[in-house]
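Read through the structure below, which is laid out as structure tokens, and then see the notes.
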Number of protein chains: 2
Amino acid sequence: MKKPTSPSSKSVAAALGVSVATISRVLTRPDLVNEETRERVLRGIDRLGYRPNLAARDLRRGQTSTVLVVVPVLASFFLDILRGVEQAADERDFAVLMANTRADPNREATYFDQVASQRADGIILLTGQLPPGAASSSRNLPPLVLAAEGMANSNIPTVAVDHAGGAEEAVRHLLNLGHRRIAHLAGPDSVLSAGARLSGYRKALRAARVPFDETLVHRGYFTVESGSIGMHTLLRQHRPPTAVLCANDQMAIGAIRALASVGLRVPEDFSVVGFDDGELAEVYAPPLTTVRIPRFDVGYQSMMMLADLLSQKGPIRSLTLATRLVVRGTSMAPQSR
Amino acid sequence: MKKPTSPSSKSVAAALGVSVATISRVLTRPDLVNEETRERVLRGIDRLGYRPNLAARDLRRGQTSTVLVVVPVLASFFLDILRGVEQAADERDFAVLMANTRADPNREATYFDQVASQRADGIILLTGQLPPGAASSSRNLPPLVLAAEGMANSNIPTVAVDHAGGAEEAVRHLLNLGHRRIAHLAGPDSVLSAGARLSGYRKALRAARVPFDETLVHRGYFTVESGSIGMHTLLRQHRPPTAVLCANDQMAIGAIRALASVGLRVPEDFSVVGFDDGELAEVYAPPLTTVRIPRFDVGYQSMMMLADLLSQKGPIRSLTLATRLVVRGTSMAPQSR
DNA sequence: TTGAAAGCGATACCAG
DNA sequence: CTGGTATCGCTTTCAA
């Protein structure tokens, strides 16, 4: 159980009667090496169990082939994104370092240092937030891709999601079903995507000439509990709504629980639409009507974009991925009671 | 937006009129440096934005302060474990590399190489499976901690979970409620913990003198669908059970859906107990009675154990974490029909 | 308490 | 096509 210290290129070279340069070339530029020599070296490497020391390689090359993925919290929303990142990283031969800021800007700053320290070549930022200092001296940020959660007027390469469009489609769905009093349980003000969803909600109402009623909008924190609280508030209204668009699936579930607790059935008495189409959505009882976010793709594309950025392959074009409404069992036409 | 190449210790040293050795000492052994010099250097470092090059440090020290966490799939079960790992890593100043084998043993082998290549110092293995070659030449494994999912007769340091005990408690709970025909939707044969849960199930029955009936046990794959299929099979029995223990929460949800599809209510007509107490359990409708696995602790303790292992702090003691039955809304006494 | 210098293990340039 | 060697940036002896 002791660390199997791999031999160095030097010892392998000695054992095979070649120079270290040849060893290195066989591994990195095989075309430059005579076929016979190459075979022999390859066999020797295999026999001796040689593995190049990546710390040395990184030092010499000035790069690490490692990226840092920074999430605000390790919530299930990020899981599929991580899967996408991981897959792309694998394809492009990058390793993936995980960082969790727990919403602490200081920790965020520490992670940015990791690039200056050559622990990683670049960052995929899922927090939608730069560390305190970074925003001002915006001219020397590390290679960076924003994913899922963008940032207002920055020209940082971004893999965005059309949150507004998704919300709009969801509200249109409810309108088409015949709902007119449609509420919105929004996400926190500080989160850009929450704002985008809210504006999509408003846009759909406007297009349908349904006046915006601000008493029908309540802020929450993406949690089941806040969804529940928000719903209770909505129900205390003089003229309560008949449907609600929630900022994510958790809040939708909270809303459904609140409705159930006062004896209202979903969807018969009240329609609820979530956002994300996370793991719970499909299996929940009743299964959630929700807006699907292509989470895997967000991760995959972000990693690809960062890899391109690092290899300087021409200009990077930010992109916005579409969402899609998935109609399941929590929405239907309002029943006249 | 260009990579902010941090100055090297050499240039900082030059700028401050000290040697590189002093820079290094200030950062790693501050007690060896004159207070005045230290202050001055610290200020200089701050002013110049110096960050030590970790690739160089790793090379020199022969270690990376990085660990590799290997999961079989990026499923939500592993999220809290990762959180625990991440937290402990943070406390012990380790970085965390993520690896996802997608159940492919070849990929597993590649990850083991990462240690020989000095990309990481050790591995936290959550797959319960060594790569093909490693098992035989067991004498030179990398520093390794098994977490959550152990391995038969290995003496590799392990943070285990008392799966059997949890299953036993769950079945005892059902027995106490008055159930006698209790089924088990088990996990795949190949997974050790699935076997442990099965044996806990049998043990509880034996203790209660309820004969074991193998037609009441069905294998699944930890998925909602397999839980559903298993439940349907059980219901086709001559004398169907009145309760079931499932190998995880997903299967429990599958079972509940199957029951609902044939008009049986949970818990009135049928009791269902899950395993894991994952994100879904508490918010599901009805909320799941399930066996809680201390996932965060599993991750936290594994990382701590690995850190101890790497720093050679005496002998490492494997440990087993307890589970706890959480009774919610899917279990009750059988109703005589 | 500080500085000079060796060396970690690769890569890549320059000769041959 | 191959070998010799400078070099990446740090840590750590050894001497002063």
Side-chain angles (χ1 to χ4, degrees), chain A residues 3-42 44-45 48-66 93 113-119 121, chain B residues 3-42 44-45 48-66 93 113-119 121:
Chain A
K3 188 136 117 200
T5 270
S6 142
S8 67
S9 60
K10 199 159 141 196
S11 61
V12 175
L16 299 179
V18 296
S19 76
V20 293
T22 299
I23 304 287
S24 175
R25 276 191 289 255
V26 166
L27 256 22
T28 58
R29 314 280 318 268
D31 47 307
L32 296 182
V33 178
N34 175 296
E35 173 157 354
E36 209 173 319
T37 323
R38 196 196 322 153
E39 294 296 331
R40 197 160 58 83
V41 170
L42 248 15
I45 286 177
L48 300 173
Y50 169 68
R51 298 286 176 280
N53 182 318
L54 297 180
R57 172 182 290 176
D58 290 352
L59 172 58
R60 181 57 229 240
R61 297 221 254 229
Q63 51 157 45
T64 59
S65 296
T66 300
D93 283 316
D113 275 355
Q114 300 281 313
V115 174
S117 305
Q118 306 259 55
R119 183 160 304 301
D121 295 339
Chain B
K3 188 136 117 202
T5 271
S6 142
S8 68
S9 60
K10 200 159 142 196
S11 61
V12 176
L16 298 181
V18 297
S19 76
V20 293
T22 300
I23 305 287
S24 174
R25 277 191 286 255
V26 166
L27 256 24
T28 57
R29 313 280 317 270
D31 48 305
L32 296 184
V33 177
N34 176 296
E35 173 156 355
E36 209 173 318
T37 322
R38 196 194 324 153
E39 295 296 331
R40 196 159 57 83
V41 170
L42 247 15
I45 286 177
L48 301 172
Y50 169 68
R51 298 286 176 281
N53 182 318
L54 297 180
R57 173 181 288 177
D58 289 352
L59 172 59
R60 180 59 228 243
R61 298 219 254 225
Q63 51 156 50
T64 60
S65 297
T66 299
D93 283 315
D113 274 355
Q114 301 281 313
V115 174
S117 305
Q118 305 259 53
R119 185 164 299 303
D121 294 340

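In what follows, chains are A, B, ... by sequence order, proteins preceding strands, each numbered from 1.
Looking at every heavy atom in both residues, A:Pro7 comes nearest to A:Ser11 through CB-OG, 3.3 Å. Across all non-hydrogen atoms, the minimal contact from B:Leu48 to B:Ala15 is CD1-CB, 4.1 Å. When all heavy atoms of A:Ala116 and B:Ser6 are compared, the pair lying nearest together is O-CB, 3.9 Å. In plain terms, the two heavy atoms of A:Ala13 and A:Val20 that are nearest each other are CB-N, 3.7 Å. Here the closest heavy-atom approach between residue A:Arg119 and residue B:Ser65 is recorded as NH2-CB, 4.3 Å.
Here the range on DNA chain C touched by chain A, meaning any atom under 4.0 Å from one of its heavy atoms, is C:dG9 to C:dC13. Chain A approaches DNA chain D within less than 4.0 angstrom (heavy atoms of the protein), and the contacting nucleotides run 5' to 3' from D:dC1 to D:dG9.
Within 4.0 Å of B:Arg25, counting heavy atoms only, lies at least one base atom of the nucleic acid. Using a 4.0 Å heavy-atom cutoff across all strands shown, B:Val18 reaches sugar-phosphate atoms only and no base atom. At the heavy-atom level, B:Ser24 lies under 4.0 Å from base atoms of the strands shown.
With DNA chain C read from its 5' end, the first of the two nearest nucleotides for B:Asn34 and B:Arg61 is the one closest to B:Asn34.
Note: A:Gln118 CD to B:Asn53 CG = 4.5 Å, rounded to the nearest 0.5 Å. If you take CD1 on B:Ile23 and NZ on B:Lys10, they are separated by 13.5 Å, rounding to the nearest 0.5 Å.
For B:Arg38, there are no salt bridge (Lys or Arg N to Asp or Glu O under 4.0 Å) partners, not counting sequence neighbours. Under the side chain to side chain donor-acceptor pair (under 3.5 Å) criterion, A:Arg25 pairs with no residue at all, not counting sequence neighbours.
B:Asp58 has its side chain out of reach of B:Thr66: every pair of non-hydrogen atoms, C-beta onward, lies at least 4.5 Å apart. Looking at heavy atoms from C-beta onward, A:Val33 lies out of side-chain contact with A:Val41 at the 4.5 angstrom threshold.
Stretches of at least 3 consecutive Watson-Crick or G-U wobble pairs, with each checked distance under 3.5 Å, appear in DNA chain D as C:1-16 with D:1-16.
Between the side chain of B:Thr28 and the backbone N or O of B:Ser24 there is at least one donor-acceptor pair closer than 3.5 Å. In this structure, B:Arg40 contributes its side chain and B:Leu16 its backbone to a donor-acceptor pair below 3.5 Å.
Near DNA chain C, defined here as any heavy-atom distance below 4.0 Å, the residues from residues 50-59 of chain B are B:Leu59, listed numerically.
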